[in-house]
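Report on the structure given below.
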Amino acid sequence: MSDFIDVPLYRAAHGRTGDKGDRSNISVIAWHPQLYPLLVDEIGCEAVAAQFAHRRPSRVQRFLLPGLHAMNFVLDGVLDGGVNDALNLDTHGKSLSFLLLDMRLRVPGELVPLLKGGHD
């Protein structure tokens, strides 16, 4: 099986979000270890910066955590100044992991059985 399907990232991974000042820290954790190499190949700093372009990150960094089958993205300048300065409803940026997990992912057919859910 070598066909590909296009799915939202949340079918292959889950995430957590934290914050420190005007910096958001978003982890992406593969649902299955065999999905991790695909995430590393497909979800890089440029793709994440494009997904958050409307928030104008000043820098996006990615840290790989292969032992956990996870990646951690650090986005600078995306929280409107941080908890004490932001006027938006989500001053901690907790919803930003959902925005990241909505990115599209191209999955080879042999990995499709490892995906969660079926709502594309």
Side-chain angles (χ1 to χ4, degrees):
M1 188 190 275
S2 63
D3 293 331
F4 288 82
I5 66 168
D6 183 46
V7 300
L9 177 56
Y10 64 77
R11 299 259 329 261
H14 56 102
R16 296 267 310 180
T17 306
D19 68 284
K20 191 68 168 176
D22 199 18
R23 175 179 284 168
S24 182
N25 177 21
I26 307 172
S27 60
V28 175
I29 306 111
W31 285 119
H32 191 281
Q34 290 179 344
L35 293 169
Y36 179 67
L38 175 69
L39 299 179
V40 171
D41 289 345
E42 296 283 323
I43 310 298
C45 292
E46 288 182 17
V48 171
Q51 183 74 356
F52 287 90
H54 69 286
R55 301 297 295 247
R56 293 183 286 250
S58 59
R59 180 170 68 162
V60 176
Q61 299 174 84
R62 180 178 78 166
F63 301 92
L64 301 179
L65 304 160
L68 299 174
H69 313 294
M71 302 183 285
N72 190 47
F73 289 93
V74 177
L75 292 81
D76 291 336
V78 295
L79 295 177
D80 298 331
V83 174
N84 295 325
D85 294 331
L87 297 177
N88 63 48
L89 294 175
D90 185 14
T91 57
H92 290 279
K94 294 298 184 184
S95 64
L96 295 182
S97 64
F98 296 104
L99 179 60
L100 181 59
L101 292 173
D102 201 38
M103 290 178 65
R104 302 305 289 183
L105 183 67
R106 191 167 181 248
V107 180
E110 62 269 12
L111 296 179
V112 169
L114 303 176
L115 299 174
K116 297 280 186 176
H119 307 291
D120 299 342

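Computed over heavy atoms, backbone and side chain alike; hydrogens, waters and symmetry mates excluded.
- In this structure, CD in Q34 is found 9.5 Å from CD in E110, a value given to the nearest 0.5 Å.
- Residues L35 and A12 approach most closely at CD1-O, 3.6 Å, considering heavy atoms.
- Pairing each heavy atom of C45 with each of Q61, the nearest pair is SG-C, 3.8 Å.
- For the pair V60 and F52, the minimum side-chain heavy-atom distance is 4.5 Å or more.
- Rounded to the nearest 0.5 Å, atoms CG (L38) and CG (L114) are 10.5 Å apart.
- Nearest heavy-atom pair across S58 and G77 is OG-N, 4.2 Å.
- No continuous path of ILVMFWY side-chain contacts below 4.5 Å connects V40 to V74, so the two sit in separate hydrophobic clusters.
- Considering every non-hydrogen atom in both W31 and Y10, the closest pair reads NE1-O, 3.0 Å.
- Side-chain contact between L115 and I5: present, with at least one pair of heavy atoms (C-beta onward) separated by less than 4.5 Å.
- In this structure, CZ in F4 is found 9.0 Å from CG in L111, a value given to the nearest 0.5 Å.
- The side-chain contact (heavy atoms from CB on, under 4.5 Å) check on I29 picks up H14, S27, A70, with sequence neighbours excluded.
- Within the structure, salt bridge (Lys or Arg N to Asp or Glu O under 4.0 Å) contacts touching residues 58-68 (residues at least two apart or in different chains) are R59-D76.
- Minimum interatomic distance between R55 and V78 (heavy atoms only, all atoms of both residues): NH2-O, 2.6 Å.
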For the pair L105 and R11, evaluate side-chain contact (heavy atoms from CB on, under 4.5 Å) and give the outcome as yes or no after the intermediate values.
CA-CA 9 Å; L105 183 67; R11 299 259 329 261; over 6 Å; no
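- Among residues two or more places apart in sequence or in another chain, the side-chain contact (heavy atoms from CB on, under 4.5 Å) test is passed with P66 by Y36, L64.
- One finds the CZ atom of R104 at 12.5 Å from the CD atom of E42 (value rounded to the nearest 0.5 Å).
- Following chains of ILVMFWY side-chain contacts shorter than 4.5 Å, one cannot reach M71 starting from L68, and the two form parts of different hydrophobic clusters.
- Side-chain atoms of T17 never come within 3.5 Å of backbone atoms of L96 as a donor-acceptor pair (strictly under, hydrogens ignored).
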Take I26 and V48 through the test side-chain contact (heavy atoms from CB on, under 4.5 Å) and record every step on the way to the result.
CA-CA 10 Å; I26 307 172; V48 171; over 6 Å; no
Test log, rule side-chain contact (heavy atoms from CB on, under 4.5 Å), inputs I43 and M103:
CA-CA 9 Å; I43 310 298; M103 290 178 65; 4.0 Å; yes
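- The shortest distance between side-chain heavy atoms of L99 and H54 falls below 4.5 Å.
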